[in-house]
J.: 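Please see the structure below; I have some questions.
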Protein chains: 2
Amino acid sequence: MATYLIRKLEQFTQLSSEDKQKLERAAAAKVRVVRPREDIIREGDKPRQVNLILDGWACRYKVLEDGRRQIVGFLVPGDVCDIRMFILKQIDHSMGALTPVRVAEIPSDTLLDVIDTSPRLTRAMWWNSLVEEAISREWTTSLGQREAIERLSHLFCELYFRLKAVGLTENGQGRKSFEFPVTQDQLADATGMSTVHVNRTLQLMREQELIIWKGKTVTIPDLEALMSVAMFNANYLHLDRDGHELDANEP
Amino acid sequence: MATYLIRKLEQFTQLSSEDKQKLERAAAAKVRVVRPREDIIREGDKPRQVNLILDGWACRYKVLEDGRRQIVGFLVPGDVCDIRMFILKQIDHSMGALTPVRVAEIPSDTLLDVIDTSPRLTRAMWWNSLVEEAISREWTTSLGQREAIERLSHLFCELYFRLKAVGLTENGQGRKSFEFPVTQDQLADATGMSTVHVNRTLQLMREQELIIWKGKTVTIPDLEALMSVAMFNANYLHLDRDGHELDANEP
DNA sequence: CGGCCGCTTGAATACCGTCAATTATAGTGG
DNA sequence: CCACTATAATTGACGGTATTCAAGCGGCCG
């Protein structure tokens, strides 16, 4: 159940089988299914438990008084939505399902117990938080400095690397692809662009063979080229096993 | 020395005198002075210790390959730059001084000891991280959805509330003010606008009496009005003592 | 097969960026 | 104390990127 989370954390350090079992047990407790367009949790709610995305896509978003909406991050399998947020009276942003989503509802205490009794897991979860913060800063940078085509390219790069880390990409004859069940409207809300401009920029990207997007599958024919357009530097995702000295010593 | 940090944390929960002494002792260890335009820490560096801003203004920023720069957050007295970042091989963004800055260099272990031996401080520092993340999301929202005048207004609101929390604002006859030693160039880098447009938007804001900016002092004649233009909702800063049930029981 | 949702297109326009030059302010040294 | 210099703020003109509005197309699902 917690396979994706485990895979992700192992980008930082190799977990022990005990670590993994603990996570599996915690995640197996209670599973909720959220339908597309429904919220997993809504701004103003009192946080109750930790939500772990088992399957499907969701997003974090904020809504302004006048209805303008900004998606501030995508949530994919393995993402933990709101660890430690239970200390707040109310949550400050919403999380909504983009596809049918299976969410593990883990009592905060349970998860903290699991994490805090293993120094390795403690560090791995710190790492996870640090990466999330870095992603958020990168979004700010994209929205502030990158123009349309760079911004979209950067987002596709981010998602490719994140999905690769949890094993949700394919790699056929050098062309990398992944499921991308997001509409152009949602892409517009995420990049701070109008839908029309997203559409036109995507056409440009297809012409330049930066991406192929058919149905719900995105293919990247030439990752180097896409990264170059995006000025993408993967360092901020910290996928190079920064915590290898903590690796569990198992066969 | 750690006065501002203590004041900030007490927006979440009342600390005990022991908590405060521990923080004071940790922050007194080693103090470094960084001059304007110098970096406190640079992207790619190996994080060595935790940096606490004692005095002065700094910012977090990212630089793209072609030199474009985005400021992704302001750092003011009481802000902790990089707690827990020492587990990473290299840091993913830079922090630069905007004014002369006094920084307390706290060994990571020292700070973790202090924090982890007091459940109250543990929670208070969680809260601090959650607020920083929320601020980052709000910047993304501003850059994505708010137009120029709203964006600048929102930033002034954020800074007013943050500075008020650490006691760095004045309140003369209903007009709120604070030191704001930031140039229009830097403001442009922070809001993702050109300097020219920042300048013109500020003129507009002065005409509408949303702000008065003389020398290095910003005055807000009518906070309600500014908040309204910015569509500012202070909830995300969580300044309403969410952790009051942890309050230390002291006179 | 009809309807809805998402994608696409065109035209007009607004917002904001760039370039380049000028004015103001502050810090420095004679 | 004042000239000198660097930095910061301001202005005008122009162009480009992106938004808005509105309409048409197309595929998927009941």
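Small disclaimer: the values here were computed from a predicted structure and weren't measured. Just so it is clear: chains get the letters A, B, ... in the order the sequence lines come, proteins before strands, and each one is counted from 1.
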J.: Assess whether a salt bridge exists between A:Arg42 and A:Asp45, defined as any Lys/Arg side-chain N lying under 4.0 Å from an Asp/Glu carboxylate O.
T.: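 Answer for the salt bridge query: no.
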J.: Which word best sums up how the rings of A:His154 and A:Phe232 line up, parallel for under 30°, tilted for 30 to 60°, or perpendicular for over 60°?
T.: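 The rings of A:His154 and A:Phe232 sit tilted, inter-plane angle from 30° to 60°.
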J.: Send over the distance from A:Glu207 CD to C:dT9 C1', rounded to a whole Å.
T.: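 Atom CD in A:Glu207 sits about 14 Å away from atom C1' in C:dT9.
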J.: So does B:Lys62 pair up with B:Asp92, basic N to acidic O under 4.0 Å?
T.: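 Answer for the salt bridge query: no.
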J.: For B:Thr183, answer base if it contacts any base atom (sugar-phosphate contacts may also be present), sugar-phosphate if it contacts only those atoms, and nothing otherwise; contact means non-hydrogen atoms under 4.0 Å.
T.: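 If one applies the 4.0 Å heavy-atom cut-off, B:Thr183 turns out to touch the sugar-phosphate alone, with no base involved.
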J.: Of the listed nucleotides (C:dT8, D:dA8, C:dT9), which one gets closest to any side-chain atom of B:Arg37?
T.: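 Looking only at side-chain atoms, B:Arg37 lies closest to D:dA8.
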J.: What do the steps show when you test A:Arg32 against A:Glu38 for salt bridge (Lys or Arg N to Asp or Glu O under 4.0 Å), and what is the final call?
T.: CA-CA 12 Å; A:Arg32 180 166 57 124; A:Glu38 276 182 7; over 6 Å; no
J.: B:Asp185 CG to C:dG17 C1': how many Å, rounded?
T.: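 B:Asp185 atom CG is separated from C:dG17 atom C1' by 14 Å.
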J.: Rounded to whole Å, please give me the gap between CG in A:Leu143 and C1' in C:dC16.
T.: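 Going from A:Leu143 (CG) to C:dC16 (C1'), I get 16 Å.
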J.: Just how far, in rounded Å, is P of C:dC7 from CG of A:Leu152?
T.: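 That distance rounds to 13 Å.
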J.: Taking 4.0 Å as the cut-off, does a side-chain nitrogen or oxygen of A:Arg206 come that near to OP1 or OP2 on C:dT8?
T.: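 Yes, A:Arg206 has a side-chain N/O under 4.0 Å of OP1/OP2 on C:dT8.
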J.: What's the CD-C1' distance between B:Gln184 and D:dT10, to the nearest Å?
T.: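 That distance rounds to 8 Å.
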J.: Can you measure A:Gln145 atom CD to C:dC16 atom P for me and round it to whole angstrom units?
T.: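 It works out to 15 Å between those atoms.
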J.: Starting the side chain at C-beta, find the nucleotide from C:dT18, C:dC7, D:dT19 nearest to B:Val196.
T.: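 Of all the options, the side chain of B:Val196 is nearest to C:dT18.
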J.: To the nearest Å, give me how far apart CZ (A:Arg200) and P (C:dG10) are.
T.: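 Result: 8 Å.
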J.: Counting the atoms with a prime plus P, OP1 and OP2 as sugar-phosphate, which does B:Arg151 contact under 4.0 Å by heavy atoms, base, sugar-phosphate, or nothing?
T.: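 No contact.
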J.: Side chains of B:Trp139 and B:Glu158 only: does a donor on one sit below 3.5 Å from an acceptor on the other?
T.: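 Yes, because at least one side-chain N or O of B:Trp139 sits under 3.5 Å from a partner of the opposite role on B:Glu158.
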J.: On DNA chain D, does the nearest nucleotide to B:Asn199 precede the nearest nucleotide to A:His197 from the 5' side, or the other way round? Give the residue.
T.: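 Its nucleotide being nearer the 5' end, the pick is B:Asn199.
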J.: Is A:Arg146 touching bases, backbone alone, or none of the nucleic acid, heavy atoms closer than 4.0 Å?
T.: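 Answer is nothing: A:Arg146 stays at 4.0 Å or more from every strand.
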J.: Just call it for B:Gly192: base, sugar-phosphate, or nothing, with non-hydrogen atoms closer than 4.0 Å on any strand.
T.: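 Answer is sugar-phosphate: B:Gly192 comes under 4.0 Å of backbone atoms only.
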J.: How many Å lie between NZ on B:Lys214 and P on D:dA9, as a whole number?
T.: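 These atoms are roughly 16 Å apart.
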J.: So what does B:Arg68 touch, heavy atoms closer than 4.0 Å: a base, only the sugar-phosphate, or nothing?
T.: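 It contacts nothing in the nucleic acid.
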J.: Given C:dT9, is OP1 or OP2 found less than 4.0 Å from the side-chain N or O atoms of A:Gln203?
T.: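 Answer yes for this pair, as a side-chain N or O of A:Gln203 is under 4.0 Å from OP1 or OP2.
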